[in-house]
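Every chain is numbered from 1 and lettered A, B, ... according to where its sequence line falls, protein lines coming before strand lines. Basis for what follows: all heavy atoms, side chains included, without hydrogens, waters or symmetry-related copies. Just so we're clear, the structure is a prediction, and the values are computed from it rather than from any experiment.
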Amino acid sequence: MIDLPEVRLPRVLDRVGALWHPQAAAHHLIFGQTGAGKTTLVKALLGLCPYSRVLILDPKPKADPVWDGGDAGQWGKLVTSVPPAFGSDREGGGPRGLWFRLAGTPDREQTARRFADALAIVAAEGHAVLVLDDVREMCRQLRLAEPIDSVMNLGRSANILAILCATETGWVAGRNQGAMTWIGHTAGLDAAKDGAKLLGRSGRDWYETTAAIEPHAWIYSDSQPGSAGLCITRG
Amino acid sequence: MNAPQMRTPRTCERDGCGRVFTPKRDARYCSDTCRAQASRASRMRSETKQAVSERREIIAAPLVWDPPSEPRTPCQTTDPCPECGAPLVAEPRGIWHACLACGTLVTPPGVTAPYAAGTARQRQVKSQRDRDADARALEARRQRLADELDTLTADKRLTSEARGTLKWYRAEVDKAADMARLDDLVEQARSERLPRAGWFSRPAAAEIEPPDYDDDDWEDGDEAQADDPAAPPAAPPPGRRMTWREAITALGWRLLPAGNGCQLLADGRPCAGPADRDIGSAWVCGAHYGSLGAVIWRDYDQRSAS
């Protein structure tokens with residue numbers, strides 16, 4: 001086990017707030033199993049962008065209590081498609097009417113079509129924070145790896161920030177583009193190894209460390225100038 | 001001659017031995033056993049020291065985490081506010097813009113640019129549905145051209161060479177992967193001469209022309225028609241209807257190269273309507289089709305009355 005400094009989440013968010021920008025560190029990668037607290041962490045990160053246009057792609061066809069809790073539209077207006085220049089009239093949800101949430105349907109083909117259209121709009125217009133929850137399902141089941149990769153590559157040139165949430169690392173487009181990495185609760189040695197790899201670490205001590213992360217706790221890492229290395233945070 | 005080396009007694013260096021011996025050369029231990037024991041002890045000491053040092057490093061690692069975290073502030077952009085013209089400000093994440101003078105959020109120009117006319121250099125939105133629609137339009141046009149070519153090829157009066165040319169066009173139309181290629185083929189086909197073979201036509205000289213072929217059998221009018229079947233008659237019969245092309249000219253409009261939409265350039269502006277009406281050499285939208293039709297019928301009525 002490796003001893004890591006334990007830091008309160010608001011302090012880590014201060015650091016993220018200083019880095020998170022298309023010209024510096026554009027994308028987050030959040031890795032953890034179901035129930036690890038990925039969506040809760042995304043909500044904390046969205047607190048950093050109240051004035052930004054946000055599009056959340058959530059392939060889950062059923063209502064998600066984490067997203068749907070609270071006021072209607074608090075975490076983005078639930079829509080079935082996004083029009084061109086969405087948010088220009090501040091017709092969405094969130095604090096400034098700029099947040100949208102595109103949820104999946106039981107029909108996988110229809111979900112894939114909706115998401116592909118939305119990704120095409122984001123790729124053309126730029127200027128959006130894109131939340132992919134969960135990116136592995138979108139890449140593998142919905143076969144959207146190519147457009148997701150393209151949007152991620154646009155990042156700096158088109159002012160696109162992305163938050164990728166993944167339960168596994170295989171099949172995930174853009175997993176190596178996370179300037180800020182969050183490793184959360186996983187089960188099994190393979191997942192622990194994947195988590196350590198995403199942090200750029202290997203060895204038994206690191207596998208034990210990533211395997212021991214509790215739900216709603218995160219190892220945070222960024223490789224930006226001034227980085228103080230890894231830390232563990234809860235929240 | 002060298003003086004004989006002095007051999008002084010020495011104490012064995014192994015911990016716990018302490019025996020005094022007289023070394024033969026520069027030995028540090030009194031016996032082989034002592035040397036082996038000392039070597040083993042040294043190795044163990046080294047390993048222990050390394051382990052302790054690593055442990056110290058881990059313990060000594062600073063458990064404070066305090067990287068620089070200066071909050072990002074809004075920064076000024078070069079884009080002017082559409083309302084007051086003041087320079088816009090990008091919010092801390094750099095995604096959306098705001099005008100501090102007006103106190104409002106403003107859509108960045110990059111968001112609307114893909115939909116502005118005449119910005120071909122910008123990225124254009126092309127969804128799966130758009131791509132499907134393009135593919136359908138391409139297939140429909142390909143099929144239409146193929147049918148037209150099949151009709152032409154079925155004309156028994158055409159020469160073998162003309163039929164061969166048409167077959168080549170037919171194959172190229174099948175292979176065409178985009179509208180631009182079809183445009184090019186249509187343009188080439190329009191300028192193609194398709195001679196007919198018949199009782200009136202001049203047969204291919206090298207193969208079947210008899211040595212005593214008499215050119216006097218030809219009539220001038222027939223020859224002109226045989227060389228270019230598509231050529232319009234010199235004087236249109238009275239009361240004939242105006243053609244689509246003449247109607248377009250009469251209205252002062254122009255035809256654009258075939259694209260996805262209406263091909264008409266009316267009043268200097270391209271039409272964005274869906275091209276769902278065929279006027280022979282082009283496709284136009286329903287509204288323009290109606291306007292052209294009205295001109296043709298008005299003209300026909302006037303001619304008939306006169």
Side-chain angles (χ1 to χ4, degrees), chain A residues 2-7 11-24 48-54 84-90 96-98 112-113 116-121 123-129 154 158-161 205 220 222 224-233, chain B residues 54-75 77-79 82 88-100 103-117 119-134:
Chain A
I2 308 288
D3 288 329
L4 293 172
E6 199 156 318
V7 185
R11 174 68 186 91
V12 181
L13 291 177
D14 284 347
R15 168 72 176 163
V16 172
L19 296 178
W20 198 18
H21 193 273
Q23 306 301 322
L48 297 172
C49 34
Y51 302 101
S52 303
R53 181 167 71 153
V54 174
F86 64 98
S88 292
D89 299 326
R90 298 173 64 179
R96 297 290 184 277
L98 288 169
R113 231 177 1 253
D117 285 352
L119 287 168
I121 287 175
E125 297 177 3
H127 296 276
V129 177
L154 283 173
N159 286 313
I160 293 174
L161 304 177
D205 285 345
Y220 167 80
D222 70 65
Q224 296 302 303
S227 170
L230 310 183
C231 71
I232 191 157
T233 184
Chain B
E54 280 176 7
R55 183 71 192 150
R56 267 189 194 145
E57 264 180 33
I58 291 169
I59 293 168
L63 284 176
V64 290
W65 188 88
D66 194 21
S69 308
E70 286 297 312
R72 278 188 180 271
T73 51
C75 62
T77 70
T78 53
D79 300 320
L88 293 174
V89 169
E91 45 99 17
R93 297 280 82 76
I95 299 294
W96 218 243
H97 292 172
C99 176
L100 297 182
T104 55
L105 287 172
V106 178
T107 304
V111 172
T112 48
Y115 313 104
T119 53
R121 284 167 60 204
Q122 294 283 346
R123 289 184 301 275
Q124 298 291 314
V125 176
K126 204 137 196 168
S127 67
Q128 184 60 46
R129 286 193 179 191
D130 293 335
R131 288 193 292 271
D132 290 346
D134 288 350

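- Annotation: maximal heavy-atom pairing with chain B below 4.5 Å, among A:Ser227, A:Gly226, A:Gly97, A:Pro50, occurs at A:Gly226.
- In this structure, B:Trp65 and A:Gly229 approach most closely via the heavy-atom pair NE1-O, 3.0 Å.
- Looking at A:Ile2, neither its backbone nor its side chain comes within 4.5 Å of chain B, counting heavy atoms on both sides.
- The residue among A:Val129, A:Asp89, A:Leu161, A:Ile160 with the most heavy atom pairs within less than 4.5 Å of chain B is A:Leu161.
- Ranked by heavy-atom pairs under 4.5 Å with chain A, the first of B:Arg93, B:His97, B:Glu91 is B:Arg93.
- Heavy atoms only, all atoms of each residue included: B:Ser69 and A:Arg11 are closest at OG-NH1, 2.9 Å.
- With values rounded to the nearest 0.5 angstrom, B:Glu70 atom CD is found 12.0 Å from A:Leu19 atom CG.
- Only the side chain of B:Thr107 comes within contact range of chain A, judged by heavy atoms closer than 4.5 Å.
- Neither the backbone nor the side chain of A:Val54 has a heavy atom closer than 4.5 Å to any heavy atom of chain B.
- Counting heavy-atom pairs closer than 4.5 Å to chain B, the top residue among A:Glu6, A:Gln23, A:Arg90 is A:Arg90.
- Only the backbone of A:Leu4 comes within contact range of chain B, judged by heavy atoms closer than 4.5 Å.
- Here A:Ala128 is the residue among A:Ala24, A:Ala118, A:Ala128 with the most heavy-atom pairs under 4.5 Å with chain B.
- A:Gly17 approaches B:Arg72 most closely through the heavy-atom pair O-CG, 3.7 Å.
- Note: B:Cys75 SG to A:His21 NE2 = 5.0 Å, rounded to the nearest 0.5 Å.
- In this structure B:Trp96 satisfies the ring pair (Phe, Tyr, Trp, His ring centres under 6.0 Å) test with no other residue, sequence neighbours excluded.
- Per-residue heavy-atom pair counts under 4.5 Å with chain A were compared for B:Thr73, B:Ile95, B:Val106, and the maximum is reached by B:Ile95.
- Atom CZ of residue A:Arg96 and atom CG of residue B:Leu105 lie 7.0 Å apart, to the nearest 0.5 angstrom.
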